[in-house]
Amino acid sequence: MCEEKRKAKMVFITEEMINQFQSLVEKIDEPLKKPFQNIHNGYERETLMRFLKARDGNLLDAHKMLIDCLKWRIQNEIDSILLKPIDTDVYIAVRESQLVGISGYSKEGLPVIAIGVGLSTYDKASIHYYVQSHIQMNEYRDRVILPSATKKYGRYIGTCIKILDMTGLKLSALSQIKVVKPLLRERTRKRVQVLSGSGRDDLLKIMDYQALPHFCRREGSGSSRHSSNGTVSDCFSFNHPFHQQLYNYIKEQSAQVTLPAPIKHGSFHVDFPEPDPEGVKIAQTIESEFQRLGNQNGVSHSLHKLNINGD
């Protein structure tokens with residue numbers, strides 16, 4: 001895209017736009033107000049700006065997106081998700097097959113989230129537990145991790161850095177990854193970087209060595225699975241401080257309230273919206289871009305590191 005077109009697509013969120021959005025939000029139905037509080041955690045204007053950016057500054061689209069989000073949270077009881085612990089043995093099984101964790105913080109205070117895309121198997125528990133665990137990590141990040149980082153660094157921090165380890169993911173499998181279809185808009189795609197090898201040298205420009213995911217701490221291409229033998233340095237492991245803190249937090253929260261009924265195996269269901277046509281085009285673009293990079297670099301069987309700035 002030429003520079004002129006790129007600048008034409010840049011969206012600047014003004015105070016007037018935020019004020020207009022805030023006026024609309026003040027009129028939302030009463031049942032939606034509590035979920036909105038859980039979303040913004042005291043940073044209402046910054047949250048409204050995030051929704052405006054997500055919809056390229058279109059006020060009506062941003063408002064619809066927010067309302068749909070709040071209704072989805074109510075419908076699926078997302079606001080109480082951190083009150084629902086998962087049995088320890090099941091949680092450990094999820095951690096061994098859903099490779100994700102927080103390894104530290106960047107130099108600017110952004111949480112560093114690591115995801116082992118290629119070697120996650122999702123085959124040791126009910127799919128409902130994987131969904132529950134994923135949403136719990138997201139909610140814990142938004143309600144605990146990001147507000148704590150904001151206070152620590154003295155400025156608003158509402159996003160993160162995601163490092164995807166693509167080791168073990170065949171190029172032919174990309175067409176089967178349905179989950180990426182509705183997620184990446186053009187604004188986000190521009191922040192995606194494909195890093196060679198372990199990505200260590202590039203990542204050390206924005207974070208200290210201690211914040212690197214375990215699979216990035218050595219030269220060459222590493223492997224997500226058990227590269228630290230399940231020790232505390234393995235950010236995917238149940239033994240890692242992040243997962244220990246998250247698990248204990250949920251247990252403590254659940255102990256303070258009485259739920260209507262105990263959580264049963266496979267009882268947590270979440271409805272997901274169908275991807276829009278734009279998402280389908282995005283998936284096709286991602287697949288073709290990876291294929292092109294693979295051909296250029298002589299990669300025929302697997303991909304390595306993918307760094308996404310922002311969430």
Side-chain angles (χ1 to χ4, degrees), residues 41 43 46 50 53 95 98-120 134 137-169 180 183-184 187-246 249 290 293 297 302-311:
N41 281 298
Y43 298 94
E46 291 84 355
R50 178 162 59 90
K53 287 182 177 179
R95 295 279 59 80
Q98 181 188 31
L99 306 183
V100 61
I102 293 182
S103 60
Y105 296 82
S106 73
K107 295 177 181 179
E108 296 184 344
L110 277 63
V112 178
I113 299 178
I115 306 174
V117 176
L119 295 177
S120 292
H134 176 76
M137 281 187 281
N138 285 346
E139 288 294 299
Y140 184 74
R141 175 200 64 198
D142 294 346
R143 295 197 219 173
V144 179
I145 297 293
L146 291 176
S148 297
T150 295
K151 292 180 180 179
K152 178 179 179 180
Y153 290 90
R155 63 181 184 83
Y156 176 69
I157 296 177
T159 187
C160 60
I161 296 174
K162 289 185 179 179
I163 304 175
L164 280 60
D165 184 2
M166 312 299 277
T167 302
L169 183 68
V180 303
L183 300 182
L184 298 180
R187 183 175 59 86
T188 302
R189 284 179 295 169
K190 289 180 178 178
R191 294 183 290 176
V192 174
Q193 301 176 46
V194 178
L195 307 181
S196 61
S198 68
R200 187 183 70 171
D201 293 340
D202 290 304
L203 293 172
L204 285 176
K205 298 175 182 177
I206 60 173
M207 66 187 69
D208 295 329
Y209 181 84
Q210 291 74 14
L212 289 174
H214 56 279
F215 54 80
C216 295
R217 294 189 178 190
R218 56 187 180 185
E219 295 284 358
S221 59
S223 173
S224 295
R225 183 179 292 278
H226 307 311
S227 59
S228 298
N229 297 318
T231 64
V232 293
S233 62
D234 180 346
C235 62
F236 297 150
S237 170
F238 175 70
N239 296 318
H240 189 271
F242 165 72
H243 287 297
Q244 288 288 300
Q245 292 165 8
L246 167 60
Y249 178 88
F290 277 141
L293 290 168
N297 299 325
S302 66
L303 300 168
H304 297 289
K305 306 296 178 291
L306 183 66
N307 176 34
I308 302 181
N309 289 315
D311 186 18

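Keep in mind that the numbers below use all heavy atoms, side chains included, and drop hydrogens, waters and symmetry copies.
At least one donor-acceptor pair closer than 3.5 Å links the side chain of R217 to the backbone N or O of Q210. In this structure, D165 contributes its side chain and I115 its backbone to no donor-acceptor pair below 3.5 Å. S120 places a side-chain N or O within 3.5 Å of a backbone atom of L99 that can act as its donor or acceptor partner.
Across all their heavy atoms, A149 and G109 have their closest contact at CB-O, 3.8 Å. In terms of heavy-atom proximity, S103 sits nearest to A211 at OG-O, 2.6 Å.
Applying the side-chain contact (heavy atoms from CB on, under 4.5 Å) test between I102 and each of L246, I113, V112 identifies I113 as the sole match. None of L204, D208, I206 except one satisfies the side-chain contact (heavy atoms from CB on, under 4.5 Å) rule with K107; the exception is D208.
In this structure, the separation between OG1 on T159 and NZ on K53 is 9.5 Å, given to the nearest 0.5 Å. Interatomic distance, CG of L212 versus OG of S198, reported as 8.0 Å (0.5 Å rounding).
Side chains of F215 and D234 form no contact here, defined as non-hydrogen atoms less than 4.5 Å apart. Looking at I157 and P111, their side chains come closer than 4.5 Å, going by heavy atoms from C-beta outward.
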*Begin with the C-alpha distance, continue with both residues' side-chain angles, and end with the deciding distance and a verdict on side-chain contact (heavy atoms from CB on, under 4.5 Å) for H240 and Q245.*
CA-CA 9 Å; H240 189 271; Q245 292 165 8; over 6 Å; no
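In terms of the ring pair (Phe, Tyr, Trp, His ring centres under 6.0 Å) criterion, Y105 has no residue partners (sequence neighbours excluded). When the salt bridge (Lys or Arg N to Asp or Glu O under 4.0 Å) test is applied to D202, the partners found at least two apart in sequence or on another chain are K205.
Judged as a side-chain hydrogen bond (donor to acceptor under 3.5 Å, both in side chains), not a single pair has a partner in residues 145-155 (not counting sequence neighbours).
Side chain to side chain, H243 and N239 fail the donor-acceptor criterion of an N or O pair below 3.5 Å.
Under a cutoff of 6.0 Å and an axis angle of 45°, R95 and F236 do not form a cation-pi pair.
Other residues, nucleotides and ligands place no more than 12 heavy atoms under 6.0 Å from the CD atom of E108.
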